[in-house]
Amino acid sequence: MIERHGTLFVVSAPSGAGKTTLCRAMRLRLPELAYSVSVTTRPPRAGELDGVDFSFVTEARFREMLARGEFAEWATVHGNLYGTRATALEQALAAGHDVLLDIDTQGAAQLRARYPEAVLVFIVAPSLKELEQRLRERRSDAETEIARRLQRAREEIALWRRYDYLIVNRDVKEAMEHLASIIQAERCRTGRLRLTLPDLEVSE
Ligand code: 5GP
């Protein structure tokens, strides 16, 4: 019998690095992974559903939740507020579920401090040029917004050493293999397990 507390996997990447596609693909690859629906003051994009992609709230409501200490981490990203609710996250981990979070570098640092066991993964596009091209292909953002996101990408990439793992996203399939391998390897770490075999005395 192997018992395990859930592991928190935190994935950060500059926008356009392909993180959302990757996290979506991971849901199919490892369906047992739990996800947290972030709270944000950003307006929904076309096709985004409230309660599924994000919980979309007003700034007043966000600040109310913040004052009540409801967030495990929160940050201002591209002028909007984003946060992860602590209760649902901690309940999932305590129940032994691994949780994958897609959050920015400020939030990742807060989670590292709050949950030292968390595994932090940073995703980068192969080059800034490629990143810019991906941002343009998205077409959901205006020119000034693209410039803002590129500047922020430079600042975020500078923080890559704070993460446990780095994945260069040249190809979604390859990047997904790397992320799945990281998750599987972390699940096997002895420090995360309690082992009890019925026919063998095993010390802790
Ligand atoms: P977008 O609005 O483009 O979906 O996401 C913008 C950025 O916000 C991304 O870098 C994403 O990882 C980050 N983000 C999404 N949810 C959260 C959250 O709950 N907390 C933090 N700190 N960042 C988040």
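Positions are given from 1, in the same order as the sequence printed here. Just so you know, ligand 1 is whichever comes first in the structure, and atom 1 is the first atom listed for that ligand. Scope of the values below: all heavy atoms of this structure, side chains included, with no hydrogens, waters or symmetry mates.
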- Message: Looking only at side-chain N and O atoms, does Y165 offer a donor or acceptor that is under 3.5 Å from a partner on E186?
- Response: yes
- Task: Consider only side-chain N and O atoms of Q110 and Q106, and report whether a donor and an acceptor are under 3.5 Å apart.
- Result: no
- For atom 6 (C) of ligand 1, what's the nearest protein heavy atom and its distance? Y82 OH, 3.6 Å
- Message: Please find the pair of heavy atoms, one from K19 and one from I103, that lie closest to each other, and give the distance.
- Response: NZ-O, 4.5 Å
- Task: Check whether more than 12 heavy atoms from other residues, nucleotides or ligands sit under 6.0 Å from atom CZ of R61, and answer yes or no.
- Result: yes
- Query: Below 4.5 Å, heavy atoms only, C-beta onward: do P14 and I157 meet side chain to side chain?
  - Reply: yes
- Task: With atom 16 (N) of ligand 1 as the reference point, say which of S38, A13, G107 has the nearest heavy atom.
- Result: S38
- Task: Using a strict cut-off of 4.0 Å, indicate which atoms of ligand 1 neighbour a heavy atom of F54.
- Result: 4 (O), 15 (C), 16 (N)
- Message: Tell me the protein heavy atom at minimum distance from atom 10 (O) of ligand 1, and give that distance in Å.
- Response: K19 NZ, 3.2 Å
- Mind checking whether R149 has a heavy atom under 4.0 Å from ligand 1? yes
- For the residue pair Y115 and A72, what are the closest heavy atoms and their distance? OH-CB, 3.6 Å
- Message: Counting only heavy atoms closer than 4.0 Å, does ligand 1 sit against the backbone of V77, its side chain, both, or neither?
- Response: side chain
- Heavy atoms, side chains only, cut-off 4.5 Å: are T105 and F122 in contact? yes
- Between Q106 and ligand 1, which part of the residue brings a heavy atom under 4.0 Å of the ligand: side chain, backbone, both or neither? neither
- Side chains of Y82 and E73: donor-acceptor distance under 3.5 Å anywhere? no
- Query: What do you reckon, does D102 have a nitrogen or oxygen under 3.5 Å from a nitrogen or oxygen of ligand 1?
  - Reply: yes
- Query: Which residue owns the protein heavy atom closest to atom 13 (C) of ligand 1, what's the atom, and how far is it?
  - Reply: D104 N, 3.8 Å
- Query: Considering only heavy atoms of A75, which atoms of ligand 1 have at least one such atom less than 4.0 Å away?
  - Reply: 22 (N)
- Close approach of E156 to ligand 1, heavy atoms, under 4.0 angstrom: no
- Measure from atom 20 (N) of ligand 1 to every heavy atom in R45, E73, R42 and give the option owning the shortest one. E73
- Can you check whether G83 has an N/O within less than 3.5 Å of an N/O in ligand 1? yes
- Query: Quick check: are there more than 12 heavy atoms from other residues, nucleotides or ligands sitting under 6.0 Å from CZ of R161?
  - Reply: no
